[in-house]
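Below you'll find the structure, written out as structure tokens, and then a few comments.
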Amino acid sequence: SKHIQCTEHIALARKTAAQGSVLLKNNGILPLNSETTSVAVSGPTAADAEVLLGNFYRGVSANLRTLLEGIVEAAPEGTRVTYLKGTGLHQPNLFESTWAIGMAENADVIVACIGNSPLMEGEHGECIGTTLGGDRDRMDLPEVQLHWLRRAKKETGKPLVAVVTSGSPILMEELHDLADAILLAWYPGEQGGSAVGDILFGHSEPGGRLPVTFPMNADQVPDFADYSMQGRTYRYLDAEPLYPFGFGLGYTQFAYSDLQLSSGSLTVGEKLDLQVTLRNIGDRKGETVAQLYLADDGDTEGPRCNLRQFKRVCLGPGESTLLRMTLTPNDFNRVDAEGRSLPGTGTFTATVSDGAPGPRAAVLGAPAGPTATFRIQEP
């Protein structure tokens with residue numbers, strides 16, 4: 001069929017994978033520049049097609065592009081790319097080889113492809129890579145992978161870029177300290193390798209923002225049998241996570257300013273118009289996702305905030321735009337203990353930011369989000 005594996009669909013798969021990949025850390029090593037003449041690729045997922053397919057829905061393709069293939073494809077002419085696996089997914093090596101370490105010592109940068117596989121997490125019964133059959137009882141990065149990363153960093157001293165595959169949050173506090181950059185690719189589909197290669201070498205932008213919260217540690221994760229919302233999701237988590245909901249970096253810098261409201265005082269049933277200036281203050285074209293959060297300051301038993309709107313914006317260096325958003329009366333509703341939706345009154349706080357409100361996103365490099373308060377009163 002002319003519609004299967006057509007040029008347009010392959011291009012869409014590649015673009016989708018790039019826009020879904022989330023840059024969680026970057027100390028400046030990415031994108032790899034012309035001074036990078038040698039890249040040592042390693043890790044259990046680098047040459048693995050399983051991590052492209054994902055879990056539950058496992059549509060196969062005649063054009064699967066692994067992470068390794070995509071990195072080689074995107075590397076500029078004259079750049080040498082080498083590959084040795086180095087470590088398995090979760091079982092210790094039967095022989096502790098030093099060849100991969102030696103190869104990395106002769107490279108300018110190490111790209112370690114690590115994380116989870118659909119063989120380790122997914123529908124119960126389908127995952128042959130775990131004794132649990134699919135449901136994980138731990139959120140940690142497998143110890144054998146951490147062991148490899150520690151060795152590679154300590155014994156080579158070279159910059160370390162981690163490309164992480166997963167379908168769910170991973171506890172990555174140690175990885176955050178070890179790596180110079182972290183790209184979360186998820187399970188990126190048939191063109192996932194090409195998208196990752198494009199991102200690493202700066203041919204495209206990492207466009208994703210986290211749709212879930214990545215906890216700092218296991219203590220931030222409530223007991224599985226606790227069905228209350230306390231401590232769950234960005235809406236009820238009081239502690240600062242490792243990576244907040246909505247967070248993600250790019251290759252340029254943005255700044256928000258001058259958040260204005262159409263009114264500082266509303267009556268129940270009225271809408272509220274907002275506008276904020278967004279500027280690309282970096283030196284290259286890029287995208288960000290502006291997110292509007294609303295906090296009902298008087299609803300002490302409810303969520304600390306709710307994401308109400310978001311907009312993907314693309315700006316060239318030095319360009320700015322005026323973002324306009326509207327909050328409807330339904331956006332101000334709160335839910336009581338009986339599950340009834342009731343009009344909210346009192347003081348509210350609106351925040352426009354690149355991630356759930358809180359200091360953590362700014363610590364990680366996201367632009368500060370301006371806030372504005374207003375009141376809603378009974379008619």
Side-chain angles (χ1 to χ4, degrees), residues 19 22 207-213 228-241 243-248 254-279 287-314 320-362 366-379:
Q19 287 202 329
V22 188
R209 299 297 183 267
L210 289 181
V212 291
T213 302
S228 73
M229 286 301 296
Q230 185 174 359
R232 296 188 184 277
T233 77
Y234 77 93
R235 299 169 71 233
Y236 292 92
L237 178 64
D238 292 325
E240 287 301 307
Y243 304 120
F245 174 90
F247 171 72
F254 289 88
Y256 295 94
S257 62
D258 198 23
L259 175 59
Q260 297 183 15
L261 309 181
S262 58
S263 176
S265 179
L266 304 176
T267 300
V268 169
E270 292 182 331
K271 68 176 184 176
L272 179 70
D273 296 321
L274 307 89
Q275 66 178 35
V276 64
T277 299
L278 175 64
R279 181 180 297 275
E287 290 186 345
T288 193
V289 179
Q291 302 158 41
L292 171 58
Y293 292 88
L294 183 65
D296 183 347
D297 300 331
D299 187 10
T300 57
E301 299 298 320
R304 67 184 191 94
C305 65
N306 287 296
L307 175 66
R308 289 309 191 200
Q309 288 188 34
F310 59 89
K311 290 185 178 181
R312 180 176 291 272
V313 183
C314 180
S320 65
T321 188
L322 190 63
L323 299 179
R324 292 182 172 88
M325 302 179 183
T326 298
L327 290 169
T328 68
N330 284 341
D331 290 327
F332 307 129
N333 286 355
R334 62 176 64 148
V335 178
D336 67 9
E338 283 71 44
R340 296 173 298 187
S341 182
L342 304 174
T345 58
T347 302
F348 289 75
T349 300
T351 304
V352 181
S353 58
D354 281 16
R360 183 61 183 169
T371 64
T373 60
F374 58 96
R375 290 188 59 81
I376 299 178
Q377 57 189 10
E378 295 282 359

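When all heavy atoms of Gly248 and Val22 are compared, the closest pair comes out as CA-CG1, 3.8 Å. Taking every heavy atom of both residues into account, Ser353 and Gly355 meet most closely at OG-O, 2.6 Å. Counting all heavy atoms, side chain and backbone alike, Leu259 lies closest to Pro370 at CD2-O, 3.5 Å. Shortest non-hydrogen contact noted between Leu266 and Lys271 is CD2-O, 3.6 Å. Considering every non-hydrogen atom in both Leu294 and Asp331, the closest pair reads CD2-O, 3.4 Å. In this structure, Val289 and Tyr256 approach most closely via the heavy-atom pair O-OH, 4.0 Å.
The shortest distance between side-chain heavy atoms of Leu272 and Phe332 falls below 4.5 Å. Between Val268 and Pro329 the shortest side-chain heavy-atom distance does not fall below 4.5 Å. Under the 4.5 Å side-chain criterion, counting only non-hydrogen atoms from C-beta, Ser257 is not in contact with Arg279. By the 4.5 Å heavy-atom criterion applied to side chains, Tyr234 and Leu210 are not counted as neighbours. Looking only at side-chain heavy atoms (C-beta outward), Thr351 and Cys305 stay at 4.5 Å or farther from each other.
By the neighbour-count criterion of 12 heavy atoms within 6.0 Å, atom CZ of Phe310 is sparsely surrounded, having that number or fewer from other residues, nucleotides or ligands.
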Let me check something: any side-chain donor-acceptor pairs from residues 342-349 under 3.5 Å, sequence neighbours excluded? List them with distances.
| residue | atom | partner | partner atom | Å |
| --- | --- | --- | --- | --- |
| Thr347 | OG1 | Arg375 | NH1 | 2.7 |
| Thr349 | OG1 | Asp297 | OD2 | 2.8 |

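Atom CD of Glu270 sits about 13.0 Å away from atom CG of Leu327, to the nearest 0.5 Å. Distance check, rounded to the nearest 0.5 Å: CG of Asp273 to CE of Met325 gives 12.0 Å.
Residue pairs satisfying the side chain to side chain donor-acceptor pair (under 3.5 Å) criterion with at least one member in residues 298-309, sequence neighbours excluded, are listed as follows: Arg235-Asn306.
The backbone N or O of Gln291 sits nowhere less than 3.5 Å from a side-chain atom of Arg209 that would complete a donor-acceptor pair. Using a distance-only test at 3.5 Å, with no hydrogens or angles considered, a donor-acceptor pair links the side chain of Tyr293 to the main chain of Ala356.
By the salt bridge (Lys or Arg N to Asp or Glu O under 4.0 Å) test, Arg360 is found to be paired with no residue, residues two or more places apart in sequence or in another chain being considered.
The side chain to side chain contact (heavy atoms under 4.5 Å, CB included) with Leu292 is formed by just one residue from the set Leu274, Leu307, Leu323; it is Leu274. Partner Phe245 forms a side chain to side chain contact (heavy atoms under 4.5 Å, CB included) with one of Thr213, Leu237, Val212 and no other, that one being Thr213.
For the 3.5 Å distance criterion, the side chains of Ser341 and Asn333 qualify, holding a donor opposite an acceptor.
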